Amino acid sequence: MDIVVSGIRSTGNLHLGNYIGAIRNFVKMQEENHCFFFIADYHSLTTHPTPADLYDSVKSVLVEFLACGLDPEKATLYIQSDVPEVAELYLLLNMNAYLGELERCTSFKEKIRTQPNNVNAGLLTYPTLMAADIIIHKAHKVPVGKDQEQHLEMTRTFAGRFNRMYHVDYFPEPVAYNFGEELVKIPGLDGSAKMSKSENENGAIFLTDPPEVIRKKVMRAVTDSGPTQHNQPKPLPVENIFLLMQAFSEPEKYTYFNDLYNRCEIRYGEMKKQLAEDIIAFTAPFREKIETLSGDTDYLGKVARMGAEKARESASKTIRDVREIIGFKGM
Ligand code: AMP
């Protein structure tokens with residue numbers, strides 16, 4: 001049975017990109033694998049949330065995990081900071097992670113560009129913390145979206161380097177996984193290539209967004225004045241709307257609007273109305289469950305404690321082995 005590990009940062013509510021890129025696959029994978037899914041609250045500290053915001057966002061991601069269909073009886077659902085063994089492995093991996101390779105990481109370069117006043121060491125070492133998260137359970141498969149491909153490659157580098165350095169075959173080299181298909185990237189409504197909560201909230205649709213907010217966001221999505229020649233290639237913002245339609249609408253609707261585009265008869269307003277209604281229908285069941293679960297603090301506490309216990313059992317075994325391999329044997 002494969003060991004599967006993946007996580008979501010607790011920096012806000014889940015958006016459609018998180019669902020399609022990651023959580024939808026978590027739900028499928030929990031049926032036949034040994035799964036660990038966690039809420040990455042250590043990772044979220046790079047943006048310096050207040051204690052109240054940190055707590056609220058961890059809670060809301062847990063609620064949304066459950067609303068999406070993650071089953072705490074089938075998968076181990078836990079909060080990253082409940083498993084301090086992860087922090088120890090992170091420290092140990094940092095000793096063999098090199099400044100050059102961390103600085104070359106695309107997501108780090110992007111952060112330098114977008115938040116030049118807060119380029120902290122946590123951002124630089126994001127890939128070693130992510131590697132620790134994954135290899136702490138000796139994972140084989142990591143269901144993630146396309147944006148995480150490079151981090152996964154670094155995870156394999158750190159796992160392989162550990163094995164070679166200590167002449168062991170201890171950590172598997174995990175792969176980014178999407179059932180044999182290309183990893184997914186859901187675009188933003190603001191013309192950006194990736195829907196993201198941190199970069200532009202208006203470009204993202206959250207599972208918690210009520211219908212009127214979804215309508216407003218979709219109707220405001222960036223487009224252009226329309227094609228002037230038949231079968232013209234689509235500029236990125238327009239391509240994005242089509243990609244979203246591909247993900248959330250019936251295939252016939254996609255074909256209908258695509259044909260109109262190719263004949264220069266497209267009316268984006270009509271297309272967006274359709275897309276908004278399809279996204280509203282897609283997200284409605286999640287919203288309902290989120291509402292029911294949010295008030296059930298006892299149940300949420302029980303889920304988190306059960307997950308922490310199972311995750312620590314697995315993580316502490318790895319840490320015991322790693323300490324032994326490194327040479328921390330006690331006196
Ligand atoms: P994050 O919100 O950055 O913690 O990402 C959590 C998971 O959602 C990761 O597996 C990401 O690859 C995935 N993800 C985030 N944004 C997108 C997106 N726009 N399209 C597809 N997957 C995404």
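Everything numeric here is computed off the predicted structure, so don't read it as measured data. Start at 1 and go down the list; that is how both ligands and their atoms are numbered.
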Enquirer: Looking at CG of Asp278 and OG1 of Thr283, how far apart are the two atoms once the value is rounded to the nearest 0.5 Å?
Expert: 10.5 Å

Enquirer: For a 4.5 angstrom cut-off between non-hydrogen side-chain atoms, does Leu77 reach Phe36?
Expert: no

Enquirer: Identify, for atom 5 (O) of ligand 1, the protein heavy atom at the shortest distance, and state residue, atom and that distance.
Expert: Asn18 ND2, 3.5 Å

Enquirer: Looking only at heavy atoms, is any part of His43 under 4.0 Å from ligand 1, and if so is it the side chain, the backbone, or both, or is it neither?
Expert: neither

Enquirer: Return the closest protein heavy atom for atom 20 (N) of ligand 1 as residue, atom name and distance.
Expert: Ile186 N, 2.8 Å

Enquirer: Please write down residue, atom name and distance for the protein heavy atom closest to atom 22 (N) of ligand 1.
Expert: Gly17 O, 3.2 Å

Enquirer: So, is Gly7 polar-close to ligand 1, with some N/O to N/O distance under 3.5 Å?
Expert: no

Enquirer: Let me confirm one number: the CG-CG distance from Leu102 to Leu123, rounded to the nearest 0.5 Å.
Expert: 11.5 Å

Enquirer: Checking contacts here: is it the side chain or the backbone of Asp147 that comes within 4.0 Å of ligand 1, counting heavy atoms only? Could be both or neither.
Expert: side chain

Enquirer: Is there a polar contact between ligand 1 and Gly145, counting only N or O atoms under 3.5 Å apart?
Expert: yes

Enquirer: Okay, side chain of Asn240, backbone of Leu189: is any donor-acceptor separation there less than 3.5 Å?
Expert: no

Enquirer: Applying the side chain to side chain donor-acceptor pair (under 3.5 Å) test to Thr128, which of Asn96, Asn94, Thr155, Asp133 qualifies?
Expert: Asn94

Enquirer: Out of Lys185, Lys194, Arg9, which residue meets the salt bridge (charged side-chain N to carboxylate O under 4.0 Å, His left out) rule with Asp147?
Expert: Lys194

Enquirer: Please could you name the atoms of ligand 1 that Lys197 approaches to less than 4.0 Å, counting only its heavy atoms?
Expert: 2 (O)

Enquirer: In terms of hydrophobic clustering (I, L, V, M, F, W, Y; side-chain heavy atoms under 4.5 Å; direct or indirect links), are Leu243 and Ile205 co-clustered?
Expert: no

Enquirer: Applying a strict 4.0 Å limit to heavy atoms, is Ile20 in contact with ligand 1?
Expert: no

Enquirer: Measure the spacing between CG of Asn120 and OH of Tyr126 and express it to the nearest 0.5 Å.
Expert: 12.0 Å

Enquirer: Only heavy atoms of Lys185, strictly under 4.0 Å: list the atoms of ligand 1 that pass.
Expert: 20 (N), 21 (C)

Enquirer: Measure the distance from atom 3 (O) of ligand 1 to every protein heavy atom, then report the residue, atom name and distance (to 0.1 Å) of the closest one.
Expert: Arg9 NH2, 2.8 Å

Enquirer: Considering non-hydrogen atoms of the protein only, which is the closest contact for atom 7 (C) of ligand 1, and what is the distance?
Expert: Ile8 CD1, 3.6 Å

Enquirer: Using a strict 4.0 Å cut-off to heavy atoms of Ala22, name the atoms of ligand 1 that fall inside it.
Expert: 7 (C), 8 (O), 10 (O)

Enquirer: To the nearest 0.5 Å, what is the distance between CZ (Arg267) and CE (Met271)?
Expert: 13.5 Å

